[in-house]
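Following: one structure in structure tokens, then a few remarks.
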Amino acid sequence: MNGFGFNGDDFARVGAWISQYFEHPEEYPVLARVNPGEIAASLPASAPQEGESFDAIFADFERLILPGITHWNHPRFFAYFATSAAPIAILAEALAATLDVKAMLWRTSPAASELEAVVMRWLRELLGLPSVFTGIIYDTASIAGFTALAAARDAMDPAIRDRGMINQATHPFRIYVTEHTHSHIEKAAIALGIGRENVVKIVCDDHFAMDPLALLAAISDDRAAGRRPMAIVATAGTTSTTSIDPIPEIAEIAQRERVWLHVDAAYAGVAAIVPEFAATLAGAEYADSIVVNPHKWLFVPMDLSVLFIRNEGQLRRTFSLVPEYLTTTDEDVVNYMDYGLQLGRRFRALKLWFVLRAFGAEGLRTHLREHVALAAEFAGWIEASSEWEVLAPHPFSVVCFRYRGNQTDETRIERFNAGILERVNASGTCFLSHTKLGATYALRLAIGNLRTTHRDVAAAWEALQLAANEQEDAMDVDDCAC
Ligand SMILES: *Cc1c(COP(=O)(O)O)cnc(C)c1O
């Protein structure tokens, strides 16, 4: 194949490069070792006037771009939520990009629309959710969550679609979350004209889960003051600790109070495909909307987030707006442009279909079980050590912990642990991140990579202990100096 600056050999070359990368992603430093601005400074200020050869472009990809990549596919990537792209899904991405369909109307690619509906039914069944839920694919949980809350808002007041938020100043909508709810809910409140002040943070118990009695009290107070309780967001697997809000109790309150219940299970929801972890989504069957992210812990590459919605008609009423040039006479079809802000949509269902088929449900379960077991093993090492402590329950594959030693001063402990994190990450052997639990600084190890083995987790533990020793020495010197 020739033309437009490419030939068939270039495809073979990139294919070989990808295949080799997936054999050894661990040969790269996991965290990019570049300074801010370094990559940009290495590139020309303006686009070329004349076309360049693929050889030249690809050489610069390897020489200039790769050194600035943080390798999410590296088996020692333990930061944020560790993820990994299954190579089979990369093949699907290449095919989807090749076909370059915009799956907005059924007729703009019938197979893209129909495959999406089919894999959404497969996933819903694997998760144990009832058939009343319709699954729809979005790019991210942030957008899926925004979309669900837009439907919740319009369900409460259908006039908003035409007249806007005219009552928000006098009778504000309220959304209930906790301090551990993901920040995209607050962003959605900003974008929907609800406002950050109307996102109410309900207190948590000492396991970082929402207190249902406090929720009920907040709703009553709001009603008494003329405010309008609109939505409760319960999280199954919070971002800091992976704690689970008591969804069955919250669902009961939501039903009684007629408030939309959104369950954010972006990371942990997929665990429900494993029988031992089916309880992850317990109570979610009563929700109005649920988000799970196959691009997080189901080995699908960025991006693919799924919204399961009880009343898909409400979502269509909120978002459907069909200009003349997009009208069709097709009957009994789904036109996915009716379910969100986007018109043109990527053919994302293809990669999930490839992954579900290549692994099979049992294959996926095996990996998820393995990740939870590795996290439990790591937590066991922390607990067995007198100098370290686990800071939160770890129901899935994330552990929050810190070094304490014989220190008692909280400020010093925080500084000490921040120092450990910096040393470990600078070493290039692994990449961890941190969070805060109340006022407590916590180190955080997340397992979610297909290639992570016992050896990688043990290496992280060793690197942490080494860094703690070095930090001990460094801070002793510090303390003497002052
Ligand atoms: C990761 C995460 C999100 C955000 O996911 P995106 O797909 O990156 O928008 C939202 N909620 C929870 C609980 C998460 O873990």
Side-chain angles (χ1 to χ4, degrees), residues 70 72 77-85 89 123 127 135-150 175-191 199 201 204 208-210 231-247 250 261-272 277 280-281 283-284 287 289-308 340-342 345-346 348 351-352 368 371-372 375 392 394-400 433-435 437 442 444-449:
T70 290
W72 287 72
F77 186 109
F78 297 117
Y80 314 111
F81 279 112
T83 62
S84 56
L123 185 63
L127 293 169
I136 301 152
I137 298 177
Y138 297 87
D139 53 359
T140 59
S142 303
I143 296 301
F146 162 84
T147 306
L149 290 174
I175 301 174
Y176 307 90
V177 302
T178 76
E179 64 169 304
H180 292 282
T181 305
H182 191 273
S183 52
H184 78 278
I185 298 299
E186 235 171 295
K187 279 200 188 178
I190 296 169
V199 179
K201 290 191 175 153
C204 289
F208 313 104
M210 187 186 284
I232 304 163
V233 179
T235 308
T238 58
T239 312
S240 276
T241 70
T242 74
S243 59
I244 307 171
D245 289 329
I247 301 171
I250 294 170
L261 175 59
H262 179 68
V263 172
D264 180 5
Y267 151 73
V270 298
F277 305 122
T280 306
L281 290 179
S289 51
I290 306 162
V291 165
V292 298
N293 268 7
H295 75 219
K296 219 166 220 169
W297 198 17
L298 211 63
F299 319 117
V300 173
M302 191 72 185
D303 49 10
L304 197 162
S305 177
V306 174
L307 175 67
F308 287 106
L341 286 176
Q342 263 192 296
R345 300 169 84 247
R346 285 184 349 97
R348 295 191 180 87
K351 57 186 169 180
L352 181 54
L368 297 182
H371 291 165
V372 177
H394 46 91
F396 303 108
S397 67
V398 172
V399 183
C400 290
S433 57
H434 80 281
T435 188
L437 306 177
R444 204 171 153 286
L445 179 115
I447 296 168
N449 192 299

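Read the numbers this way: they start at 1 and go in the same order the structure lists the ligands and their atoms.
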(request) Find all atoms of ligand 1 within a distance of less than 4.0 Å from any non-hydrogen atom belonging to His184, and give their numbers and elements. (result) 10 (C), 11 (N)
(request) Give the ring-plane orientation class for Phe396 versus Tyr267, where under 30° counts as parallel, over 60° as perpendicular and anything between as tilted. (result) perpendicular
(message) Closer than 4.0 Å to some heavy atom of Gly237 - which atoms of ligand 1 meet that?
(response) 13 (C)
(message) Could you tell me, atom by atom, which parts of ligand 1 come under 4.0 Å of a heavy atom of His295?
(response) 7 (O)
(message) For atom 1 (C) of ligand 1, what is the closest protein heavy atom, and at what distance to 0.1 Å?
(response) Lys296 NZ, 1.2 Å
(message) What protein heavy atom lies closest to atom 10 (C) of ligand 1? Include the residue and the distance to one decimal.
(response) His182 CG, 3.3 Å
(request) Examine Ser142 against ligand 1 and note whether any of their N/O atoms are separated by less than 3.5 Å. (result) yes
(message) Can you classify the ring geometry of His371 versus Phe299 as parallel (below 30°), tilted (30 to 60°) or perpendicular (above 60°)?
(response) perpendicular
(message) Within the 4.5 Å heavy-atom criterion, are Ser289 and Val263 side-chain neighbours or not?
(response) no
(message) Please determine whether a side-chain nitrogen of the Lys or Arg among Arg345 and Asp139 lies less than 4.0 Å from a carboxylate oxygen of the Asp or Glu.
(response) no
(request) May I ask you to check whether Ala141 has an N/O atom sitting below 3.5 Å from an N/O atom of ligand 1? (result) yes
(request) Could you pull out the closest heavy-atom pair between His180 and Leu437, with the gap in Å? (result) CE1-CD2, 4.2 Å
(message) Once you restrict to heavy atoms under 4.0 Å, what part of Asn293 touches ligand 1? Side chain, backbone, both or neither.
(response) side chain
(message) How far is atom 13 (C) of ligand 1 from the closest protein heavy atom, and which atom is that?
(response) Asp264 OD2, 3.3 Å
(message) Would the distance check show the side chain of Arg348 and the main-chain N or O of Ile137 forming a donor-acceptor pair, the cut-off being under 3.5 Å?
(response) no
